[in-house]
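Order of the sequence lines sets the chain letters (A, B, ...), proteins ahead of strands, with each chain counted from 1.
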There are 2 protein chains.
Amino acid sequence: MADVARLAGVSVASVSRALRGEPGVREDLRHRIEGIARQLHYEVDEGARNLRIRHNRTISVVVPHSPAAGESLSDPFLLALIGSIADALTARSYDLLLSRIDTTQVGRLCRDVESRRAMGVIVVGQGHHHEQLNMVADRGVPLVVWGAHIEGRRYATVGSDNRLGGRLATAHLLDGGARRVAFIGDTSLPEVAHRHAGYVDAHHARGLLPPMELTRPAPFVQARVERELASLLAMEPGIDAIFASSDLTAMTVVHALHRAGLRVPEDLQVVGFDDIPMVAQMRPALSSVAQSVEQAGAALLRALEAVVDGAQAPSIVLPTTLQPRESTRLAPCESARQT
Amino acid sequence: MADVARLAGVSVASVSRALRGEPGVREDLRHRIEGIARQLHYEVDEGARNLRIRHNRTISVVVPHSPAAGESLSDPFLLALIGSIADALTARSYDLLLSRIDTTQVGRLCRDVESRRAMGVIVVGQGHHHEQLNMVADRGVPLVVWGAHIEGRRYATVGSDNRLGGRLATAHLLDGGARRVAFIGDTSLPEVAHRHAGYVDAHHARGLLPPMELTRPAPFVQARVERELASLLAMEPGIDAIFASSDLTAMTVVHALHRAGLRVPEDLQVVGFDDIPMVAQMRPALSSVAQSVEQAGAALLRALEAVVDGAQAPSIVLPTTLQPRESTRLAPCESARQT
DNA sequence: ATGAAAGCGCTAACAC
DNA sequence: GTGTTAGCGCTTTCAT
């Protein structure tokens, strides 16, 4: 900046004013300064600027690192979500500091904010770390989590209407003629628990008793899903539909059913969750519950800004919709009336 | 930091020294200071620190924004690559500033570095922006690109051995009995061009003339792939195998072939590229060329560090390997001898 | 409308 | 071993 000032024959104060578009600067001077800056490829030092104004526009986005499961980094939904966040931040000229850390480490979650690198944190997926997240929020770190609204949470959340999604999926299966619908998914995860609650809802709404023995708590890992499915098929021959709590799980399920010589949807219907683009390419094309990814980034940012402004842990729920395809029996038009 | 100093009854200089593990500090004092810092949840202000030491450990990772194609944000390979980079940076205690911008805008690509927010840039995918990338490098911005080594490039690259991959895939198809192998992919992209070169190589190595009329320049967009495939099948009935330049394209191809009543691999063999985890779940399971994602992040970082240290645009090529599955005819064991 | 000077939170000489 | 002080590059009073 000193260089620009010297070349323009003015003080750094004027350069600062000119470059930031402050009013009290003569237009011709401003143009001269801008020209010189451009020529030098000069950009204002963000660190120095932030230090002076005691403020920054960087947001820390944390993708939980799950050493146990291979769940995380092959899921296209996660990429779509991160992309949505990146776009929302870019649109509002925030910077995005990405980190992949173990969410149990409260200290590391807070570090970016406490070292003033970032003004707030977005965590993509709450997993089992409810209590740790509460601790982060208690420490005064502006925090918003993509996930489910949990009783007693002190952090902001943005997430899909998982319960509605679960209800839509299950209703679709039942109305397609299924009587014994299995649920595969790790219900110890809050989001999955809500999907399961919707599954129960749909049964009740039809005067049916949800068959709890058909709920299998398989984590996202492929091998586990296959094992649970095998045991399910062996023990419960009457089963005629499967609601998988993610598309990745559903894909594994369809593949395994095929190897077992069972046809989808003739022998068993299958519905997934997330509606990743790929499921339309499966054979059969997979019915799935779509989340509103495009809205997610903007909603997360809105919630975070509210928290920064002192709001008390707001919570936003985004709509889910059913996308009927070939893996379920009810025709797309018929399923329109579902709830 | 002043707070910590006051509570410890020492000067800020001592706190700074203690917290950074400098030698000349009495052990008991250091412990006292560390205790107080922890208690206050104090973290050193990174911005102020970087300003003072005139240096930082942040790397800008740019995911090209392609307004045209929907190519980008559903590709699991991209997420795996970003994850690999994030892990490599974390392991070496770098921060990752993620942005999703139009790579044609040279100025924005340079901004993070020129505003001293980051010390270098990693671009994930070179697309058609060879010239712009050269301009960035010429501006003195430390730059490394995930992509192909191009004649006349002045920026560092890290990428897969796409030519080898193309050769492996094509050889596998030919040795599985195919005689008219089609290539679907946008050969104007350097990486895809290399895959195509490998396709040509494999033909030559067997004394065959590569059937250039069977090369279709379809971009990653699904609709385009389907159209090209339809025209291909209509015009060239003799076609008996397809090498798709990405797994996503291959999935679309398999789906379209099925709707056209053609069987894979009996009527046509299909092989993809990237080996995303999902292709093993397809019906039939898709043969594919695997890239070394796990190595990618570390290699990119190594190259970037070399550039920062003044190296002249190094270039790293990572191995590719064929993963034979059900969509091709040659048994996995037989295919071991391929080259 | 422009400049001089103080200070954001930190580190690194230099003194003691 | 510890404190004092200058200054990183910027913004912002306060003068002029």
Side-chain angles (χ1 to χ4, degrees), chain A residues 1-38 40-58 93 95 110-119 140, chain B residues 1-38 40-58 93 95 110-119 140:
Chain A
M1 183 146 164
D3 295 349
V4 179
R6 198 173 334 106
L7 281 172
V10 295
S11 72
V12 288
S14 294
V15 176
S16 173
R17 284 193 268 256
L19 257 29
R20 221 144 15 73
E22 270 202 6
V25 180
R26 267 194 3 244
E27 274 310 305
D28 58 332
L29 176 57
R30 160 168 295 139
H31 277 101
R32 194 148 49 89
I33 291 176
E34 281 172 346
I36 294 173
R38 203 170 321 118
L40 295 184
H41 295 318
Y42 170 78
E43 294 279 344
V44 171
D45 186 312
E46 278 288 315
R49 166 160 222 273
N50 291 339
L51 177 59
R52 179 58 233 243
I53 64 180
R54 314 169 58 88
H55 186 277
N56 69 68
R57 286 182 74 79
T58 300
S93 69
D95 284 332
C110 298
R111 225 188 38 191
D112 284 348
V113 168
E114 290 175 348
S115 71
R116 294 185 158 75
R117 252 182 305 226
M119 54 180 292
Chain B
M1 182 145 163
D3 295 349
V4 179
R6 196 172 337 104
L7 281 172
V10 295
S11 72
V12 288
S14 293
V15 176
S16 173
R17 284 192 269 256
L19 257 31
R20 223 145 16 74
E22 269 204 7
V25 180
R26 260 185 18 234
E27 274 310 303
D28 57 332
L29 176 57
R30 158 166 296 135
H31 277 101
R32 191 149 49 89
I33 291 176
E34 282 172 345
I36 295 172
R38 202 169 322 117
L40 295 184
H41 295 317
Y42 169 79
E43 293 278 344
V44 171
D45 185 312
E46 278 287 316
R49 166 161 223 274
N50 291 339
L51 177 60
R52 178 61 232 238
I53 64 179
R54 317 170 54 87
H55 185 279
N56 69 68
R57 287 182 73 81
T58 300
S93 67
D95 284 333
C110 297
R111 225 188 40 191
D112 283 348
V113 169
E114 288 175 348
S115 71
R116 292 188 161 75
R117 250 182 305 226
M119 53 179 292

Got a second to check how far [X]'s [atom1] is from [Y]'s [atom2], nearest 0.5 Å?
X        : Y        : atom1 : atom2 : value
A/His55  : A/Arg49  : NE2   : CZ    : 9.5 Å
A/Asn50  : B/Asn50  : CG    : CG    : 11.0 Å
B/Arg26  : B/Ile33  : CZ    : CD1   : 10.0 Å
A/Arg32  : A/Asp28  : CZ    : CG    : 7.0 Å
B/Asp112 : B/Arg117 : CG    : CZ    : 5.0 Å
A/Arg57  : A/Met119 : CZ    : CE    : 7.0 Å

Shortest non-hydrogen contact between [X] and [Y], atoms and distance:
X        : Y       : result
A/Ser11  : A/Ala5  : C-CB, 3.9 Å
A/Leu51  : B/Ala48 : CD1-CB, 3.8 Å
A/Ser115 : B/Val44 : CB-O, 3.2 Å

### Between the first and last five pairs of the helix from C/dA1-D/dT16 to C/dC16-D/dG1, the angle of the axes, rounded to 10 degrees
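Axis-to-axis angle, ends of the helix: 40°.
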Sorted by number, the residues of [range] with heavy-atom contact under 4.0 Å to DNA chain C:
range                       : answer
residues 23-36 of chain A   : A/Gly24, A/Val25, A/Arg26, A/Leu29
residues 110-117 of chain B : none
residues 3-13 of chain B    : B/Ala13

Please report the distance, rounded to the nearest Å, between [atom1] in [X] and [atom2] in [N].
X       : N      : atom1 : atom2 : result
A/Asp45 : C/dC10 : CG    : P     : 17 Å
A/Arg20 : D/dT13 : CZ    : P     : 11 Å
B/Met1  : C/dG9  : CE    : P     : 12 Å

### Message
Below the 4.0 Å mark, does C/dC10 have OP1 or OP2 next to a side-chain nitrogen or oxygen of B/Tyr42?
### Response
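B/Tyr42 to C/dC10 OP1/OP2: side-chain N or O found under 4.0 Å.
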### Query
Think B/Arg17 has a side-chain N or O under 4.0 angstrom from the OP1 or OP2 of C/dT11?
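No, B/Arg17 has no side-chain N/O under 4.0 Å of OP1/OP2 on C/dT11.
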### Message
Less than 4.5 Å apart, side chain to side chain, heavy atoms only: is that true for B/Val4 and B/Met1?
### Response
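Side chain of B/Val4 against side chain of B/Met1, heavy atoms only: no contact under 4.5 Å found.
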### Query
Are B/Leu7 and B/Leu40 close enough that some pair of their side-chain heavy atoms sits under 4.5 Å apart?
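A side-chain contact under 4.5 Å exists here.
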Let me check something: any side-chain donor-acceptor pairs from residues 16-24 of chain A under 3.5 Å, sequence neighbours excluded? List them with distances.
from, atom 1, to, atom 2, distance (Å)
A/Ser16, OG, A/Arg20, NH2, 3.0

### Query
Less than 4.0 Å between a side-chain N and a carboxylate O, is that true for B/Arg30 and B/Glu27?
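Looking at B/Glu27 and B/Arg30, the cut-off is met.
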### Query
Distance-only, no hydrogens or angles: does the A/Asn56 side chain make a donor-acceptor pair with backbone N or O of A/Arg116 under 3.5 Å?
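Yes.
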### Message
Quick check on contacts: within residues 46-57 of chain B, what sits under 4.0 Å from DNA chain D by heavy-atom distance?
### Response
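By residue number: B/Leu51, B/Arg52, B/Arg54.
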### Toward the 5' end of DNA chain D, by each residue's nearest nucleotide, B/Ser14 or A/Glu43
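Its nucleotide being nearer the 5' end, the pick is B/Ser14.
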